[in-house]
Amino acid sequence: MSWIDIGHIDDIPLRGARVLKTPAGCVAVFRTAENEAFAASDRCPHKGGPLSEGIVHGQSVTCPLHNWVFDLNTGAAQGADEGQIATYPLRLEAGRILIDGASVGQRSAA
Amino acid sequence: MAQNPNPRQLMQSLPWQRSEKMTKKLIIIGAGMAAGRMLEHLYDAGKDWDVTLFNGEPRGTYNRIMLSPVLSGDKTYAEIETHDADWYAENGVTCRFGEHVVAVDRAAQTVTADNGDVLGYDKLVFATGSNPFIIPLPGHDLEGVIAYRDLEDTERMMSLTEGQKAVVIGGGLLGLEAAAGMAARGVDVTVVHIMGHLMERQLDEAAGYLLRKALVDKGITVKCAANSKEITGENGHVKALMLDDGTELPCDLLVMAVGIRPSTQLGKDTGLAVGRGIHVDDQMLTSDENILAIGECVEHDGAVFGLVAPLFDQAKVAAATLDGTAAQFVQKEISTKLKVTGCDLFSAGDFEGGEGTEDIIFRDPARGVYKRLVIRDDKIIGVVMYGDTADGSWFFGLMKDGTDIAEMRDTLIFGPAYQGGSAVDPLSAVAALPDDAEICGCNGVCKGTIVEAIQGGAQDLPSLKASTKASASCGTCTGLVEQLLEVTLGDEYAAPEAQTVCGCTDLSHEDLRLLIKSKELKSQPAVWQELGWNTPNGCHTCRPAVNFYLLADWPVEYQDDPQSRFVNERKHANIQKDGTFSVVPRMWGGITNATELRAIADAADKYNVPTVKVTGGQRIDLLGVKGEDLPYIWNDLNKAGMVSGHAYSKGLRTVKTCVGSDHCRFGTQDSTGLGIKLERALWGSWTPHKVKLAVSGCPRNCAEATCKDVGVICVDSGYQVSVGGAAGMDLKETEHLAAVATEEEALELSIAFIQLYREHAKYLDRAYKWVAKVGLDWVKERVVDDLENRRALVERFELSQSIYRKDPWAEEAENAAKYAPIADLTLEAAE
Ligand code: SRM
Ligand SMILES: Cc1cc2nc3c(=O)[nH]c(=O)nc-3n(C[C@H](O)[C@H](O)[C@H](O)COP(=O)(O)OP(=O)(O)OC[C@H]3O[C@@H](n4cnc5c(N)ncnc54)[C@H](O)[C@@H]3O)c2cc1C
Ligand code: SF4
Ligand code: FES
């Protein structure tokens, strides 16, 4: 895998998210209350809501438009809703967030 | 040519003359639950009656059994009214509410009203209900000694304020509902019961004990085996109840709930056969063939009645009798439930036991669950359940049908889910019920009828209530009805949200607010930990509520958490369906000027704003701004002196004004000026739901002040402040709070009202919903009558505003970086 440094975990608010622009489209990078980081598609499969604007709770995020809830580990919609968002491999090293470039359409590593 | 008809003949052939001759006159005495139901059946059958309906109470039929939820604040009177003015008008009923019938002349077939009117009838129905029994203790006629029967009694109890004292005599169904309802309002309640355990007519000792424990946990003092001796007073008002062992129980209100007596005096005076109640036969006819009687005032085959299920059956039979169709009233077994939150009990049949009977008992002390079945000859003859009553209707069905239980004896007590080896699932239990299992005891609706209605299109609770009456009376079967919806509709059914805040906790909003205050919880982790949340940090439903409660209760100690807010409040703009945002700068009181308009125009150009719209709130909306541009457009607007309009917040939105005395020939005061002062005082504050105000310069009300959360109408003598209006999903006119002479008072009053709302309302309850729950009088006592409290409220609001009266746009403009992507890999790729 080709790991690309996209920033520091402190650049993202606790229980919040930031957007990462990639050749494969916008990716939401989440930070949980426990300082875990997750990367997933920023587009809700329901009606395209920006998941990076949602409320982050536990290891889940709630879409800001109509409250679908996604598990950030699997990308699967929770409860009665059916849907799936892409998730992307991500690593934390000494506070730096590294994402797998290949998975988001990046051809050569930086 | 025929000769001209003479005018008399013409008159006689006019249609209304004809119909008057054919339509029979029906007079009903009493518009209680029995009469209301009878009228429905009568009109369903389509017969034409000229009905006159008398009622001693100054209103039509309402769901009397739901007075307890009104008392506890879970429902409003409007929600329990079953027949409103429109209904009576549509069906052509002549209503004489607030009027008593004082005499009946059977020979002349007339009744006399208390104002002396004499009206003729073809058929007469007694539906006079019953009177609460008042023990003739010394002092029983003091002011402040009441029964529990009607809306007036309920309102009297609701007028008690936190910390006041009430004594309830009677530990039966009514007494306990009264006690729990008042306790829910913070009243200090003592129940005095003459027997050894509570509800002894419905419960055995073990269940009575569990019930008592649950009530004591709610803060209610319970005295069993206690004999009342005397009520003492002061200046004509009740002061205390004395027991015969010398105990003195001080109280501001004394409620006697010791039983009812059929209201038969008028029946006796009329010369009808009367025993304990007015005698009726199986057709509900009294000893006079033109007079029927239904409801709690009757005696049928030696029995009198005190629960609605049999009354509804009687109502149906009476309607049929009036119609000339055959029908027969048959007495049935009835079951009892108590409508007190957290005290689930169910009782039916004979539980005294005795010779030839056996008991099957299940206890789970840790969960406070107790179930007992009384069996004779392999049939259930009695059921008592406490704590977990889900299987009550199933047992009751087996009991009524006399089902032989020998085969399932070993697993019987575990309920239907365990019969036939199926899995333990409440839904499978409901699915297993036979079609004739009774689900709604009050209205005698069985499973088959409900399922049929669901399949016929009634796919949610309200429409099922409307079409089958299931769960439309006391509401305790609501859970079962919902399960039937779920079983029948499968995934198509979206269950309504439970009363708890969300799935993360079993607490209601009300309890959550109380606990945050009483346990002095000042951070989110404290709430999760101390109150036993079952998720690490809540969810999108509870976290915004908890964040609001914490910042409203501890403005100084707690720091607002943007990550616990919906995107709009975090981004200080309204998210659009395409992910862009709308930006609304504040225009104080609707006043703007050329500089501001120019800045808005420049911003619209600079940020390619696709739509510029004048809002319904007297300001301008820039729609379609990109998220990352937000800090920059705010910065530009800030430079022209404009701040956030909070068009996105559960907080102060706008204060609409009209031009007022500055320009208008009718204006009495400076409505624009007061509007601006209000907006300057209130802006930036967070509230349970959005708050909108308006100030009109005269009663022509051009600012539409009477549909706002707070509305001020200027008059010559000052300012009329009214509250609790809305014009969104519900249309509600404001209610008058107070008239004041000066602008300062109008400001203070509005602020105090909003602070009271901030301190007490449930998150996402608009002000009108909250006022409906607590009652306008409760609000008035705190913000109008009690000047000291009004000032304290204003002070607490000001303390909070010292932190929140700030422009979030100005603060966020410094955090512009946060609004941009964390990184842009598309650029790197291009490099
Ligand atoms: C912009 C505006 C419509 C307009 O073009 O005029 C508007 C726009 C929205 N309203 Fe409104 N309301 C607007 C005036 C009103 C009014 C009229 C008024 O205030 O005089 C009402 C009825 C009065 C009232 O509130 O009682 C109104 C009753 C609602 C409701 C129903 C509230 C209720 O309690 O029943 C909602 C839904 C909600 O809040 O839950 C709502 C919700 C919304 C939302 C925020 C929906 C949403 O969550 O995205 C809309 C945002 C649009 C956007 O993207 O900007 N809007 N909305 C108005 C902004 C006024 C302002 O300057 O702040
Ligand atoms: C607080 C409370 C809770 C209850 N909870 C339950 C429950 O959970 N389950 C249950 O099954 N039952 C419950 N009940 C009992 C139930 O409400 C009654 O059985 C039912 O309302 C009786 O109906 P009715 O029509 O016979 O009499 P009512 O509803 O009492 O109506 C009689 C009406 O007649 C009027 N009237 C009397 N005399 C005259 C006259 N001379 N002229 C004109 N009008 C007259 C009275 O003003 C009254 O409005 C409860 C009762 C109360 C008070
Ligand atoms: S009325 Fe409905 S569509 Fe129109 S702005 Fe208000 S919420 Fe949006
Ligand atoms: S767009 Fe995400 S829930 Fe509708």
Side-chain angles (χ1 to χ4, degrees), chain A residues 4-9 11-29 31-34 39 42-44 47-69 78-80 82 97 99 101 104-110, chain B residues 486 490-495 497 502-504 524-525 528 533-547 561-571 573-581 626-628 630 648 815 817-831:
Chain A
I4 305 173
D5 184 331
I6 55 168
H8 195 273
I9 182 97
D11 295 338
I12 307 175
L14 261 186
R15 291 167 297 146
R18 291 280 293 276
V19 175
L20 171 70
K21 287 195 172 174
T22 76
C26 284
V27 170
V29 185
R31 177 185 181 192
T32 69
E34 310 296 332
D42 193 29
R43 250 186 85 79
C44 176
K47 293 199 170 163
L51 295 171
S52 56
E53 307 285 11
I55 290 184
V56 178
H57 47 99
Q59 295 185 333
S60 307
V61 64
T62 299
C63 176
L65 293 197
H66 317 95
N67 290 339
W68 283 26
V69 179
Q78 305 294 288
E82 272 183 41
I97 308 171
I99 194 162
V104 294
Q106 187 82 338
R107 260 162 302 148
S108 60
Chain B
E486 234 175 305
D491 287 348
E492 281 169 58
Y493 177 62
E497 296 234 330
C502 64
C504 303
Q524 289 189 18
W528 314 144
W533 238 248
N534 58 32
T535 46
N537 43 37
C539 70
H540 62 267
T541 305
C542 58
R543 227 164 67 205
V546 167
N547 185 55
D561 174 28
Q563 300 308 132
S564 298
R565 290 182 171 280
F566 292 115
V567 53
N568 290 0
E569 295 187 344
R570 185 165 4 102
K571 286 273 163 108
N574 278 310
I575 195 161
Q576 313 285 294
K577 60 183 203 177
D578 64 355
T580 63
F581 291 87
K626 286 190 223 42
E628 41 199 289
L630 286 173
Y648 46 81
N815 296 330
K818 249 180 40 191
Y819 288 73
I822 187 167
D824 189 344
L825 300 182
T826 57
L827 292 180
E828 283 173 33
E831 266 162 21

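Sequence lines set the chain letters: A, B, ... in the order given, protein chains first and strands last, and positions in each chain run from 1.
- Nearest heavy atoms, A/R15 versus B/N537: CD-ND2, 3.9 Å.
- The part of B/Q576 that comes within reach of chain A is its backbone (N, CA, C, O), which places non-hydrogen atoms under 4.5 angstrom from that chain.
- With a 4.5 Å cut-off on side-chain heavy atoms, B/E628 and A/V19 do not count as touching.
- The shortest non-hydrogen separation linking A/P50 to B/I575 is CG-CD1, 3.7 Å.
- The backbone N or O of B/V567 lies less than 3.5 Å from no partner atom in the side chain of A/E53, so there is not a single donor-acceptor pair.
- Shown here for A/I55 and B/S564, the closest heavy-atom pair between the two residues is CD1-C, 4.3 Å.
- Minimum interatomic distance between A/G58 and B/P536 (heavy atoms only, all atoms of both residues): CA-CG, 4.0 Å.
- For B/R543, the salt bridge (Lys or Arg N to Asp or Glu O under 4.0 Å) test picks out no residue, with sequence neighbours left out.
- The choice from A/V69, A/N67, A/I97, A/V104 that makes the most heavy-atom pairs within less than 4.5 Å of chain B is A/N67.
- With chain B as the partner, the residue from A/L20, A/T32, A/L14 showing the most heavy-atom pairs under 4.5 Å is A/L20.
- For B/P544, the part lying near chain A is the side chain, with the backbone staying farther off; criterion is any non-hydrogen pair under 4.5 Å.
- Residue contact with chain A, scored on non-hydrogen atoms closer than 4.5 Å, involves the side chain of B/R570 exclusively.
- Listed by chain and number, the residues in a side-chain hydrogen bond (donor to acceptor under 3.5 Å, both in side chains) with A/T62 are A/H57, B/H540 (sequence neighbours excluded).
- Comparing A/D11, A/V29, A/V56 by how many heavy-atom pairs each has under 4.5 Å with chain B, the most go to A/V56.
- Across all their heavy atoms, B/Q563 and A/P13 have their closest contact at OE1-CB, 3.5 Å.
- Heavy atoms of B/D561 lying under 4.5 Å from chain A belong exclusively to its side chain.
- Of all the listed residues (B/G627, B/G579, B/A820, B/P562), the one sharing the greatest number of non-hydrogen pairs under 4.5 Å with chain A is B/A820.
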